[in-house]
Structures are given as C-alpha cells and as structure tokens.
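The structure appears below as structure tokens.
Each chain gets a letter, A, B and so on, in the order its sequence line appears, and its residues count up from 1.
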Amino acid sequence: MRKCTIAISSVNHAIRSEKLLTRSGIGVKLVKLQPAATKKGCAYGLELNCGNLSAALSLLQNAGIPYTEVVR
Amino acid sequence: MIYFDNAATTFPKPPGVINGIISCMSSYCGNPGRSGHALSMRAAEKIYDCREAISRLFNVSAPTNVVFTPNTTYALNIAINAFARKRGHVLISDVEHNSVYRAVASLSRIGVDYDIFTVDPYSDENTLRSIKNRLRSNTSLLVCAHVSNVCGITLPIEKIGGLCKKYGVRFTVDAAQSAGTHPIDMQKCNIDALCCPGHKGLYGPQGTGFVVFSDKYSAEGAASGLTPFVYGGNGVNSAEKKMPDFLPERYEGGTLNTPGIAGLSEGIDFVGKIGEDNIFRHVCSLFDRSAEMLSSLPEVEIYHPDLKGGCLLFNVKDMDSDTVADLLNDEGLCLRGGLHCSPLAHKKLKTQKGAVRASFSYFNSPSEAEALFRAVKHIAKNK
C-alpha cells in the first residue's frame, strides 16, 4: 500500500489530527519530518495510506486544522 | 504555619501535583514540539493532554486554543494586546487588578483610551447600565475580573458577555480568582479570551497560567488578526521570520514549562474529582466562620462580609494592615496586607491605605479559622 504524509507544522495540531483521524477510523503514524521536506521548515507528519488521503484532508479541513502540504 | 494567602497562590498542593512534576522531571522531560524522539513526543503529548483538560473545563472545542503562559498577568497582556486596536477604546471595571489596569493603561502608546465602569455587587442591572453608559462607537474590548482578588465581589460575566455580543465588543475575562471554584462556560458567556492562573484555584505549580481563546479563533487563518506578543522559536515553520498565524504557537515562543504543565494537569484532575462546587462551598464555610468570629471584635472592621467567597478583607482599627500581617506572621499565620496589586478595588472599598486579606483553599480547616480569630483578637487587644 502506497504511503502519503500530511505535513503539519505544529506538534499540537499534529497530535490533535492524529486523535481526530484515529477516532474516525483512519490509521495514521505521527512522525517528525526533515526540515527540507516542507517549504516552511520544521514540521511533523501524519503517515497514512494514500487511499485514505482525501477523507483525511476533508476531516482536517472541517476541523479547521492547518496543515502545510501533502508529501507523497 | 497556617496558610491563608491562597488568593496569591494556593498552598499546599495536592500530592498528585508534586508527583506529576517529579515524574516529568525524572522520566520524560524532553523539549516538546522540537524533535521527533520519544522524550520530546511524550512531553508534547503530556502538554496536549493538559490543553484538552482545560478546553473541557471551559467548554471550548479546540484544545489548540489553549495558550500556556507563566501566569495570569502574562495571559492578560497577550489577550489585551491581541484585541487592542490603534485609537480604539477599552472598558475595564473598578475592581481590576493591576494586571488589567496597567496593561490597558499602557495602550495609550498606540492611542487607546479607556474608561472604568462601576460594579454594583448588589445589582447586575446597575453594573450593565454603567457599561452601556460608557460604550463608544470605537469600543473594541471589555476586560474584567470574574471575581475580585480582595473580597467577594463577583461580576455577572454571562450578562456582560451578552452585552458585548450585542454591541460587537470583544470580551476578555480575568479568572485569576474564579478558575477552579466557579464553573465558566466560555460559549455561554460569549468570552473571547479567558485568562487563568495554573497555581491558584487549579492547584498547579507557580510558573503556570494560560489564556484560552474562543472557538471563533480556531479556524484556519482566524488568529492571523491577533497581534503577536512574544517572538521567537517554537519548532513551527522555522524557515519563516513571522510567528505562525494559528494558535497556540502564535503566542508560544520559547520552551514551555513542561514540568509545571504536568503538575497543572494533576491539579485540574484534583479539582475535577473534588468538584468546583464542593471546593467553593468549603471556602465559603471558612469565610462565614471567620467573618462571624471576627465581627464579634469591636476593633475589627470587615469589608463586605455579606459577599461570600475565597477572600475575607478586614482591618484592625488604628493599625496599619502590613503591621497586622507581620504580627499574624509572628503568631504563625500567613496573610497579606497592603493593596494586593488592586488600587482600584481598594479605592472602591475606601481602603486606600490597605487592608488584611485572609484567602482560603480546600486545604484549610475550621480549626485554622478559629486560630485566625484568636490571633487577631490577641493583636487587637494588645495594640
């Protein structure tokens, strides 16, 4: 299964997102990203199956959680 | 020693608070939000757990709207500066602590004017009328205490919040003396920012406080209009020179007080288990007992003995309040004399020269209230 990573700059929003997605049945793994992985520098990432990506992004948007970008 | 200075900081702390701090310091105190290693992540999760507990306590949906600070004063400065607008107008009450009074007065540097409304502790209508009479077209912010830090004066924050909503005024509440004893629903009270200490009624350690922003600032970009207060690193968007435009990191520059916040989590848990109502009932019973006994002494004047709460204010006639506090200290009791950083409240009470404050916590007992009576009686009869 191909993995995608949602970059979230704040560890607090990353933890909030992890809890939200897990509660919604979407398995994710919270990781620290390399600074070069995103345009803005230091960030965390939520690794998940790419098949769940659009559902996950929709949940984050509805919750007002600011994510930086998707790193494939 | 018998400790009656709980309005300044509660003492002692519940054992769970001390254990929570020790556990953090000894087993997982990495720097939260900076790294991906296990200790940094565990510290971040512990802090997030505390944000969740606070958001539940004050009915805010987004735990990320909880901004940690070293104390309430810092929290109030963040909120006041966040909402202040150049050449705007601010309203404060006539019982405010200097953490509000000085912070608002300092806004004159950006052309902000302020007015002081009158709190009538016996008539919410009169208080609301005083606010309405001072509203201007450029009034952008109202800041007030929930409960006075010198006596039991309590402001009707739900009604004031309703008024602020009606007139489009942002509402900031100083809950330094009410968090942990008075249930506060930020949504119901239309509060934009709630500023609290961790080390008073929530029984956490000193060095902890927070401001909770309402849910309207949790949407993406919604915090971008809030003026930052401290600038620096927080592990977020490090390649950019601007502070993040979202909460909590817009206001959290520098390393957080992880051990303190771990202790605060335990303090909030303690309050949750005992119950805010039960704690308030307990301090009110101590207030009543103390007021009843002290009022039997003709040399003692009590201010607003009818307004129950955590603080009992009194003077011994013809004696300076700090002298009385010093003599009480000699008898093994910790109380505070002077102005309690609240010159406005003392002016209102006509105690500009100061007064002695006994402030109670869940850990005080009726026998300690009786010891206070005996000590004050001894001082009054031997002055």
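When atom types are taken as modelled, the side chain of B/Lys13 and the backbone of B/His199 share a donor-acceptor pair closer than 3.5 angstrom. With hydrogens and angles disregarded, a donor-acceptor distance shorter than 3.5 Å links the side chain of B/Thr69 to the backbone of B/Phe210.
The minimum heavy-atom distance between A/Leu46 and A/Leu21, with the atom names listed, is CD1-CD1, 4.0 Å. Between B/Thr172 and B/Ala79, the shortest heavy-atom contact is CG2-CB, 3.9 Å. Heavy atoms only, all atoms of each residue included: A/Ile8 and A/Pro66 are closest at CG2-O, 3.9 Å.
Put simply, the side chain of A/Ile26 reaches to within 4.5 Å of the side chain of A/Leu59, judged on heavy atoms.
Of the atoms belonging to A/Leu33, not a single heavy atom falls under 4.5 Å from chain B. Neither the backbone nor the side chain of B/Ala222 comes within contact range of chain A; no heavy atom of the residue lies under 4.5 Å from a heavy atom of that chain.
Less than 2.5 angstrom separates the SG atom of A/Cys4 from that of A/Cys50.
Ranked by heavy-atom pairs under 4.5 Å with chain A, the list B/Pro248, B/Pro32, B/Pro244 is led by B/Pro248.
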Distance-only donor-acceptor screen, chain B against chain A, under 3.5 angstrom:
{"unit_1": "B/Gly33", "atom_1": "O", "unit_2": "A/Tyr44", "atom_2": "OH", "d": "3.3"}
{"unit_1": "B/Arg34", "atom_1": "N", "unit_2": "A/Tyr44", "atom_2": "OH", "d": "3.2"}
{"unit_1": "B/Ser35", "atom_1": "N", "unit_2": "A/Tyr44", "atom_2": "OH", "d": "3.3"}
{"unit_1": "B/Ser35", "atom_1": "O", "unit_2": "A/Tyr44", "atom_2": "OH", "d": "2.9"}
{"unit_1": "B/Arg51", "atom_1": "NE", "unit_2": "A/Asn12", "atom_2": "OD1", "d": "2.9"}
{"unit_1": "B/Arg51", "atom_1": "NH2", "unit_2": "A/Asn12", "atom_2": "OD1", "d": "3.3"}
{"unit_1": "B/Glu52", "atom_1": "OE1", "unit_2": "A/Lys19", "atom_2": "NZ", "d": "3.1"}
{"unit_1": "B/Thr64", "atom_1": "OG1", "unit_2": "A/Arg16", "atom_2": "NH1", "d": "3.3"}
{"unit_1": "B/Asn237", "atom_1": "N", "unit_2": "A/Cys42", "atom_2": "O", "d": "3.3"}
{"unit_1": "B/Asn237", "atom_1": "OD1", "unit_2": "A/Ser9", "atom_2": "OG", "d": "3.3"}
{"unit_1": "B/Ser238", "atom_1": "N", "unit_2": "A/Lys40", "atom_2": "O", "d": "3.3"}
{"unit_1": "B/Ala239", "atom_1": "N", "unit_2": "A/Lys40", "atom_2": "O", "d": "2.9"}
{"unit_1": "B/Leu247", "atom_1": "O", "unit_2": "A/His13", "atom_2": "NE2", "d": "2.6"}
{"unit_1": "B/Glu249", "atom_1": "OE1", "unit_2": "A/Ser10", "atom_2": "OG", "d": "3.2"}
{"unit_1": "B/Glu249", "atom_1": "OE2", "unit_2": "A/Ser10", "atom_2": "OG", "d": "2.5"}
{"unit_1": "B/Glu249", "atom_1": "OE2", "unit_2": "A/Asn12", "atom_2": "ND2", "d": "2.9"}

